[in-house]
Enquirer: 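The structure that follows is given in the form of structure tokens.
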Amino acid sequence: MPRQKSDEFTVLYKGRKARLHTRPGTANWSFKVKQDTGAWRSVSAATTDLEVARQAALEHLMEQSFRERNGLVADAHKFKAVAESCIKELEAEAGADRRTSAQTYIDALRRYHVPFLGAHGIDRIDRKVLVSFDDWRIGEMGRKPKKSTLQNHNAALNRVFDHALKQGWLKQHQVPALWNDGEAGESGATFTQAEFLRLSAHLDSWVDAARHGLSQQIRFVLRDLILIVAHTGIRPGTETKSLTWRGVEDYRDPKDGFVYLRLFVEGKTGARWVIAPESVRASIERLRAWNTNSKPDWSVFAVLDGRYPRQQFMERMVDLLDELKLREDASGQTRSLYSLRHYYATQQRMKGIPYESLKNQMGTSIAMLERHYDHVTTLDEAAKLVGRTSSVSGALTLDVEALVQRKLVVLEGGKLRLAS
């Protein structure tokens, strides 16, 4: 019988219905079936033969009926299709910012979950499948992943399961329990005090050696971004970008009238005020004087046109560390801008600053601080270990850095001397 585009046929099975039809651009038949959500879904019968298409539709309805009797969703969906649908939502959340948790989930799904789980039905992923996935992932990574890595991977996988639940493609009892048996994390790469002094002493000449244009702007701003992160512990990336000129203010302590410089940042743990030592004021004022066209809602670390060039900051930091042969720390870990946050935490612990104070300042938990910095020996503890009776003040740490920055002392061969 000649077929028209408007032709539509119906197949019935135990109260379920499939409607056969043709679509423009293909000679094959398709049929529409109703999903648990009430929406109609089009399925290709992959044939030009009407009777074969009818049989395909009938078998589909029979499978739907079987799945319903067994407490399953009516239509099976492959993990890859569900993950790609979920990724579209995550991409909308991430926008152009590649440092968000949404982007982290996207990267994990595309690099690990989709390649292994893609062909599995979303409702057929159980513990046995996930154990096999774990073994495969270890082979891909060449090592057992860290707990923090698995935390992100599990969060990404749960986003896919949540998406499937929301779409009616999965039922709650079909969502498998995830686990985290990753390796304990290490405190990231950091700097010794002497290494940081080498870095900070080199910054001015590094800025002066820059070419004109954007390259010079990036170096100019990055110099003070380095100093501010190292002296406040704020997270380079999301938090440094969030620090606007509106979020820089003096705060007078009502108890004693002392004036503090404080900075308002927003990051993965929310918004908070960060107390900055007085040495940070010089960096703030230098950036303020340099970018006279800045607006209150611009990042303090914006270049002259108001942009925050995150990727260029990261790349130039790598170049700077390579230039000074400081790319790796003593344990072989690779340094980055984030190592400055670790440096800050380590120096504060050496001075005996309690975890409770650091928790508020750095926007993290005491448990996280203990896990990463419990190995740090305070200067007072060091004095006792070597038999000294007097207390050692860690307050000297940043004073020495300030002297180097003000060019009152010079660091040569790991030793300080008075500037000539």
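Numbering of residues begins at 1 and proceeds along the displayed sequence.
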Enquirer: Taking the six-membered ring of Trp29 (Phe, Tyr or Trp), confirm whether the NZ or CZ of Arg23 is under 6.0 Å from its centre and within 45° of its axis.
Expert: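 Verdict for Trp29: no cation-pi partner in Arg23.
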Enquirer: Can you tell whether the side chains of Arg137 and Glu140 come within less than 4.0 Å, N to carboxylate O?
Expert: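 Looking at Glu140 together with Arg137, the answer is no, because their closest N to O distance does not fall below 4.0 Å.
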Enquirer: Give the ring-plane orientation class for Phe191 versus Tyr343, where under 30° counts as parallel, over 60° as perpendicular and anything between as tilted.
Expert: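 If you compare the ring of Phe191 with that of Tyr343, the planes turn out perpendicular.
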Enquirer: Are Val248 and Phe264 packed together at the side-chain level, in the sense that at least one heavy-atom pair is separated by less than 4.5 angstrom?
Expert: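 Heavy-atom side-chain distance check fails, nothing below 4.5 Å.
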Enquirer: Would you call Arg272 and Glu239 a salt bridge, taking side-chain N to carboxylate O under 4.0 Å as the test?
Expert: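 So Arg272 pairs with Glu239 through a salt bridge.
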Enquirer: What is the distance from atom CZ of Arg19 to atom NZ of Lys32, rounded to the nearest 0.5 Å?
Expert: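 Rounded to the nearest 0.5 Å, the CZ-NZ separation comes out at 6.0 Å.
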Enquirer: Whether Asp253 and Lys255 form a salt bridge (side-chain N of Lys/Arg under 4.0 Å from carboxylate O of Asp/Glu) is what I want to check.
Expert: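 No salt bridge links Lys255 with Asp253.
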Enquirer: Is Arg349 close enough and on-axis enough to Tyr355, meaning under 6.0 Å and within 45°, for cation-pi?
Expert: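 Flagged: Arg349 positioned over aromatic ring of Tyr355.
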Enquirer: Could you walk me through whether Lys359 and Glu356 satisfy the salt bridge (Lys or Arg N to Asp or Glu O under 4.0 Å) test, starting with their C-alpha distance in whole Å, then the side-chain angles of each, then the deciding distance to 0.1 Å, before giving a yes or no?
Expert: CA-CA 5 Å; Lys359 171 181 75 77; Glu356 182 65 34; 3.6 Å; yes
Enquirer: Residues in side chain to side chain donor-acceptor pair (under 3.5 Å) with Trp273, at least two apart?
Expert: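 For Trp273 there are no side chain to side chain donor-acceptor pair (under 3.5 Å) partners, ignoring immediate neighbours.
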Enquirer: Taking NZ, NE, NH1 and NH2 as the nitrogens, is one of them in Arg223 or Asp204 under 4.0 Å from a carboxylate oxygen of the other?
Expert: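 Asp204 and Arg223: salt-bridged.
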Enquirer: If the test is ring-ring contact (aromatic ring centres under 6.0 Å, His included), which one of Phe220, Tyr338, Tyr308 qualifies with Phe313?
Expert: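 The single option meeting the ring-ring contact (aromatic ring centres under 6.0 Å, His included) with Phe313 is Tyr308.
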Enquirer: Any salt bridge between Glu91 and Lys88, counting N to O under 4.0 Å?
Expert: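 Not counted as a salt bridge, because no side-chain N and carboxylate O are separated by less than 4.0 Å.
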Enquirer: Quick check: are there more than 12 heavy atoms from other residues, nucleotides or ligands sitting under 6.0 Å from NZ of Lys80?
Expert: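 Result for NZ/Lys80: open.
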Enquirer: For the pair Glu315 and Arg310, find out whether any cationic side-chain nitrogen is under 4.0 Å from an anionic carboxylate oxygen.
Expert: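 Arg310 and Glu315: not salt-bridged.
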Enquirer: I would like to know whether His113 and Phe79 meet side-chain contact (heavy atoms from CB on, under 4.5 Å); could you show each step before the answer?
Expert: CA-CA 9 Å; His113 299 93; Phe79 179 88; 3.9 Å; yes
Enquirer: Between Arg211 and Gln216 (side chain of the first, backbone of the second, donor and acceptor by atom type, cut-off under 3.5 Å), is there such a pair?
Expert: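 Side chain of Arg211 to backbone of Gln216: no pair is present.
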Enquirer: Would you call Arg159 and Glu93 a salt bridge, taking side-chain N to carboxylate O under 4.0 Å as the test?
Expert: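 Salt bridge present between Arg159 and Glu93.
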Enquirer: Between Arg286 and Asp224, does any side-chain N to carboxylate O distance fall below 4.0 Å?
Expert: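 Between Asp224 and Arg286 there is a salt bridge, with a charged N closer than 4.0 Å to a carboxylate O.
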Enquirer: Whether the side chain of Gln174 engages the backbone of Lys171 through a donor-acceptor N/O pair (distance < 3.5 Å, no angle test) should be reported.
Expert: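 Such a contact is found between Gln174 side chain and Lys171 backbone.
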Enquirer: Is any side-chain N of the basic residue among Glu59 and Arg16 closer than 4.0 Å to the acidic one's carboxylate O?
Expert: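 No, this pair does not count.
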